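Have a look at the structure below before the remarks.
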Amino acid sequence: TEILYSYVRGAEGFSTSGKPYSFLKRTNSSISSGVGPSTSTKQDPSRGGRNPDHVFEDRTQPSQALLYRLSGDYNPLHSDPSYAKTAGFPRPILHGLCTLGYATRAVIASSCGGEPSLVQSVQGRFLLHVFPGETLITEMWKDEDQNRVDYKLKVKERNKVVLAGSITLRPTLSRL
């Protein structure tokens, strides 16, 4: 027998606290450190106004969340429209791991010459959801001193930052 448990924000019985915070109502003033739901592609105030070193654009497929169920996450939030509405979303959302994968792939393509073994660690903070079929823009800033790439992933159609973080790269040896 297999049992599936899901946490649905706003559902009864998990605590006696008030209504959970909804990212759907997030505003620019609720974000600090220059990371927010809506920013300019040209310059990032958290990077001293520096333009991104790389910008990578990729479109998710409308069936992406259904395909991503193969990773073992069968949460109906990603596949069932009525369940997604109960959870406060207009339709099913993309898996967070898939979203993080898009950001990591952008860094690998733009800063690692397509070589995934150069990635040492990945970290990110999820800010908003992604709907399958949306276009993702990854803006990247290389920090040579730290051997790190800071990134922001935003949804083009909504002009909202959905994920921000950094990827530490392995030092490369000179091939002289």
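Keep in mind that what you see is a predicted model, and the values were worked out from it rather than measured.
Legend: residues meeting side chain to side chain contact (heavy atoms under 4.5 Å, CB included) with Thr104, ordered by chain and number and at least two apart, are Leu100, Ile108, Val122, Ile167. Tyr68 meets the ring-ring contact (aromatic ring centres under 6.0 Å, His included) test with His95; sequence neighbours excluded. By the salt bridge (charged side-chain N to carboxylate O under 4.0 Å, His left out) test, Arg91 pairs with no residue at all, sequence neighbours left out. In terms of the salt bridge (charged side-chain N to carboxylate O under 4.0 Å, His left out) criterion, residue partners of Asp53 (sequence neighbours excluded) are, by chain and number, Arg50. Partners of Arg170 by side-chain hydrogen bond (donor to acceptor under 3.5 Å, both in side chains), not counting sequence neighbours: none found.
Formation of a donor-acceptor pair under 3.5 Å by the Arg59 side chain with backbone atoms of Gly133 is found in this model.
In terms of hydrophobic clustering, with Ile, Leu, Val, Met, Phe, Trp and Tyr side chains grouped at heavy-atom distances under 4.5 Å, Val119 and Leu153 are assigned to a common cluster. The hydrophobic clustering, which links ILVMFWY residues whose side-chain heavy atoms are closer than 4.5 Å, places Phe89 and Tyr83 together.
Nearest heavy atoms, Trp141 versus Lys152: CH2-CE, 4.0 Å. Counting all heavy atoms, side chain and backbone alike, Leu77 lies closest to Ala87 at CD1-CB, 3.7 Å. Residues Lys142 and Leu169 approach most closely at NZ-CD1, 3.5 Å, considering heavy atoms. Closest of all the heavy-atom pairs between Pro92 and Pro132 is O-CD, 3.4 Å. Nearest heavy-atom pair across Lys85 and Pro90 is CE-O, 3.4 Å. Closest non-hydrogen pair, Leu163 versus Ala103, comes out as CD2-CB, 4.0 Å.
Residue pairs meeting the salt bridge (charged side-chain N to carboxylate O under 4.0 Å, His left out) criterion with at least one member in residues 104-115, sequence neighbours excluded: Asp58-Arg105.
Atoms OH and CE, from Tyr151 and Met140 in turn, are 11.0 Å apart once rounded to the nearest 0.5 Å. Note that the CZ atom of Phe56 and the OG1 atom of Thr138 stand 7.5 Å from one another [nearest 0.5 Å]. For the atom pair CG of Leu66 and CD of Gln61, the computed distance is 12.0 Å after rounding to the nearest 0.5 Å. Within the model, atoms OG1 of Thr168 and CG of Leu118 stand 12.5 Å from one another, a figure rounded to the nearest 0.5 Å. From Ile137, atom CD1 reaches atom CD of Glu57 across 4.5 Å, with rounding to the nearest 0.5 Å.
Inter-residue side-chain proximity for Ile93 and Val130 is flagged as unmet; no heavy-atom pair is nearer than 4.5 Å. Between His78 and Asp73, the closest side-chain pair of non-hydrogen atoms falls below 4.5 Å.
Checking Gln123 against Ser166 by side-chain atom types alone, a donor-acceptor pair falls below 3.5 Å.
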Q | Audit row: Asp143, Val149, side-chain contact (heavy atoms from CB on, under 4.5 Å) steps and yes/no | A | CA-CA 6 Å; Asp143 184 343; Val149 177; over 6 Å; no
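When the options Lys156, Lys154, Lys160, Arg158 are evaluated for a salt bridge (Lys or Arg N to Asp or Glu O under 4.0 Å) with Glu134, the one that passes is Arg158.
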